[in-house]
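Computation of the quantities below employed the complete heavy-atom set of this structure, encompassing side-chain atoms and omitting hydrogens, waters and symmetry-equivalent molecules.
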Amino acid sequence: MSTIFRRAGLLLGALGIVCASNAQADDFRPAQALIESGLFISQAEADAVYARLDAPRPTTDRPIPGTAAYWESGAVGLGQSERAGRLGWSGDATQMRIGVDRELRAGMIAGASAAASIGGVGSADLKSRIVAGHADIYARFDEGAAFAKTDLGVSSFTFEGLSREGSTAIATGQALRAGGQFGATADLGGIKWTPTVALTATGHALNGFRESGQAAAQFAARQAMAATATVRLGGTKAVRVDPSHTVTLSGFVGADEVVAYAASALKARSAAAGSTSESLAAPNGRGLVGGLGIGTALDNGMTFKVDYDYGRRDGVATQTGRAKIGLAF
């Protein structure tokens, strides 16, 4: 599955590069893809945590009651289109995540996860491989039909094989995210309905870097922050396939929007162009999303689920796929 979504992400990246082919020599705008891809990948990690907190809990008759370890593998394709003086970019990331969480008391779950991702980003004549590490701590609180989820996480990015106009470099960055999701559940017509609203803030600090090559430039350090709001309506239905086995079907529709964005100016210096400083327009953050999933729980404490999400933002498709395996202790 990861291979399929990674190839889809690479195709989206190629399309983004074609659509953003208006860059001229000594045009430093493609470097905007580096700061923004870190923000969007960090947001995807927060979304994965919110999804994890909906996983079924293990039964209490385990050696360590209420505790579960899990493994996830997935991929995400993302990007932005060209508009308002911005160049389009597209990227992808294949992720692997492990974690453990425990029900500390009735209505309270806490846990932690660590993840690694590898992918790429491209904009006009810029392309780079992205290698990243992620860590999150999270919790869920339930009170009657209502619930709240919280997440705090950090990421470290390395942009390897970075090339632009024939010059090469390596860049690094660090990201921080914090957010919460709030919702409630209601049973209607044999389906458990779950409306949710979430707000997640992400920040990315991209360190300065120097290219080497004939058209080499030096880029100053940059910082960017974004706040993304999401509204979703989800539904799950349990289907009994035999007297002792049940499969859970799930789906959702919703909307995402970047409600706030700020970034320091893109500053660069080269022998040919001298010093430049550009403040680029904010990314278009409004989009519609939807997804489907199927999962099951086995008697030995193991759970398995596969999800696929698809979104559309400003003419650019975003895709996320995850396969999850959980094991209760």
Checklist entry - Do Glu45 and Gln95 pass the side-chain hydrogen bond (donor to acceptor under 3.5 Å, both in side chains) test, and can you show the C-alpha distance, the side-chain angles, and the key distance before you say yes or no? => result CA-CA 9 Å; Glu45 290 297 316; Gln95 308 154 319; 3.2 Å; yes
Checklist entry - side-chain contact (heavy atoms from CB on, under 4.5 Å) between Asp47 and Arg322: does it pass, once the steps are laid out? => result CA-CA 11 Å; Asp47 291 339; Arg322 303 185 191 99; 4.1 Å; yes
Item to check | Cluster check Leu152, Val154: I/L/V/M/F/W/Y, side chain < 4.5 angstrom | outcome: yes
Item to check | Heavy-atom pair with the smallest gap, counting every atom of Ala171 and Phe209 | outcome: CB-CD2, 3.7 Å
Next on the checklist: Membership question, hydrophobic clusters at under 4.5 Å side-chain separation (ILVMFWY): are Ile294 and Leu292 in the same one?
Outcome noted: no
Checklist entry - Any sub-3.5 Å donor-acceptor pair from Ser37's side-chain atoms to Leu34's backbone N or O? => result yes
Checklist entry - When you look at Arg140 and Asp101, which way does the salt bridge (charged side-chain N to carboxylate O under 4.0 Å, His left out) test go after all the steps? => result CA-CA 10 Å; Arg140 172 172 172 149; Asp101 45 45; over 6 Å; no
Item to check | Centroid-centroid distance, Phe147 to Phe141, less than 6.0 Å | outcome: no
Checklist entry - Taking the side chain from Ser90 and the backbone from Leu78, do they hold a donor-acceptor pair closer than 3.5 Å? => result yes
Checklist entry - Side-chain contact, heavy-atom cut-off 4.5 Å: Lys324 with Arg52? => result no
Checklist outcome for this item: Which of Leu266, Asp125, Val121 passes side-chain contact (heavy atoms from CB on, under 4.5 Å) with Pro30? It is Asp125
Item to check | Minimal non-hydrogen separation, Ser42 against Thr202, with atom names | outcome: OG-CG2, 3.9 Å
Next on the checklist: Using the rule given for side-chain contact (heavy atoms from CB on, under 4.5 Å), can you reason through Glu165 versus Phe28, listing the C-alpha separation, both sets of side-chain angles and the distance that settles it, and then say yes or no?
Outcome noted: CA-CA 10 Å; Glu165 294 183 13; Phe28 302 122; over 6 Å; no
Next on the checklist: Check whether Ser123 reaches the backbone of Trp89 with its side chain - one donor and one acceptor, N or O, closer than 3.5 Å.
Outcome noted: no
Next on the checklist: Once salt bridge (charged side-chain N to carboxylate O under 4.0 Å, His left out) is applied, do any residues pair with Asp151, and if so which ones, sequence neighbours excluded?
Outcome noted: none
Item to check | Leu249 atom CG, over 12 foreign heavy atoms within 6.0 Å | outcome: yes
Checklist outcome for this item: Here the pair of heavy atoms bringing Ala135 nearest to Arg177 is O-NH2, 3.7 Å
Next on the checklist: Using a 6.0 Å distance limit plus a 45 degree cone around the ring axis, check whether Arg210 lies over the aromatic ring of Phe219.
Outcome noted: no
Next on the checklist: Check for me, please, whether Ile325 and Met96 land in the same ILVMFWY cluster - side-chain distances under 4.5 Å, paths through other members count.
Outcome noted: yes
Checklist entry - Just wondering, do Thr276 and Lys267 contact through their side chains at under 4.5 Å, heavy atoms? => result no
Item to check | Interatomic distance, Thr150 atom OG1 to Ile137 atom CD1 [nearest 0.5 angstrom] | outcome: 8.0 Å
Checklist entry - Going by atom types alone, do Ser275 and Arg269 pair a side-chain donor with an acceptor below 3.5 Å? => result yes
Checklist entry - Shortest non-hydrogen contact from Ala93 to Ser117? => result CB-CB, 4.4 Å
Checklist entry - Are the side chain of His204 and the backbone of Ile35 linked by a donor-acceptor contact shorter than 3.5 Å? => result yes
Item to check | Side-chain touch Asp309/Phe252, heavy atoms, less than 4.5 angstrom | outcome: yes
Item to check | Derivation of the salt bridge (charged side-chain N to carboxylate O under 4.0 Å, His left out) call for Asp307 and Lys305 | outcome: CA-CA 7 Å; Asp307 294 296; Lys305 188 177 183 182; 3.6 Å; yes
Checklist entry - CG/Asp256 to OG1/Thr228 distance, rounded to the nearest 0.5 angstrom? => result 7.5 Å
Item to check | Arg222 side chain to Ser264 backbone, donor-acceptor under 3.5 Å | outcome: yes
Next on the checklist: Is it the case that the side chains of Thr172 and Asn207 hold a donor-acceptor pair, with the cut-off being a distance below 3.5 Å and no angle test?
Outcome noted: yes
Checklist entry - Is it true that Leu53 and Phe304 fall in one hydrophobic cluster, defined by side-chain heavy atoms closer than 4.5 Å? => result no
Checklist entry - From Asp187 CG over to Lys237 NZ, what is the distance, rounded to the nearest 0.5 angstrom? => result 10.5 Å
Next on the checklist: I'd like to check Glu160 versus Ser128 (side-chain heavy atoms, cut-off strictly below 4.5 Å). Are they in contact?
Outcome noted: no
Checklist entry - Do His245 and Thr296 have side chains that get closer than 4.5 Å, going by heavy atoms? => result yes
Next on the checklist: I need the Tyr70 OH to Arg97 CZ distance, nearest 0.5 Å.
Outcome noted: 7.0 Å
Next on the checklist: I want to check something: taking the side chain as every heavy atom from C-beta on, are His134 and Phe157 in contact at a cut-off of under 4.5 Å?
Outcome noted: yes
Checklist entry - Atom CD of Gln181 and atom OG1 of Thr196: how far apart are they, to the nearest 0.5 Å? => result 4.0 Å
Checklist entry - Is there a side-chain contact between Leu199 and Val197 (heavy atoms, below 4.5 Å)? => result no
Item to check | Closest non-hydrogen atom pair between Ser250 and Thr236, with its separation | outcome: CB-CG2, 3.6 Å
Checklist entry - For Thr158 and Ile170, what are the C-alpha separation, side-chain angles and deciding distance, and is it a side-chain contact (heavy atoms from CB on, under 4.5 Å)? => result CA-CA 7 Å; Thr158 300; Ile170 295 178; 4.2 Å; yes
Next on the checklist: Rounded at 0.5 Å granularity, tell me how far CZ in Phe159 sits from CG in Leu206.
Outcome noted: 6.0 Å
Next on the checklist: Please check this pair: side chain of Lys149 against backbone of Gly180, looking for a donor-acceptor N/O pair closer than 3.5 Å.
Outcome noted: no
Checklist entry - Which pair of heavy atoms, one from Ala229 and one from Val259, lies closest together, and at what distance? => result CB-CG1, 3.9 Å
Next on the checklist: Under a 3.5 Å distance rule, please check whether Thr168 uses its side chain to pair with a backbone N or O of Leu162 as donor and acceptor.
Outcome noted: no
Checklist entry - Is there a path from Tyr138 to Ile41 through hydrophobic residues (I, L, V, M, F, W, Y) whose side chains come within less than 4.5 Å of each other? => result no
Checklist entry - What do the steps show when you test Leu288 against Arg312 for side-chain contact (heavy atoms from CB on, under 4.5 Å), and what is the final call? => result CA-CA 6 Å; Leu288 300 177; Arg312 195 77 178 172; 5.5 Å; no
Checklist entry - Do any N or O atoms from the side chain of Trp193 and from the backbone of Leu188 form a donor-acceptor pair under 3.5 angstrom? => result yes
Checklist entry - Side chain of Thr320, backbone of Gly77: donor and acceptor closer than 3.5 Å? => result no
Item to check | Chi angles and distances behind the side-chain hydrogen bond (donor to acceptor under 3.5 Å, both in side chains) call for Tyr50, Thr200 | outcome: CA-CA 11 Å; Tyr50 298 148; Thr200 306; 2.9 Å; yes
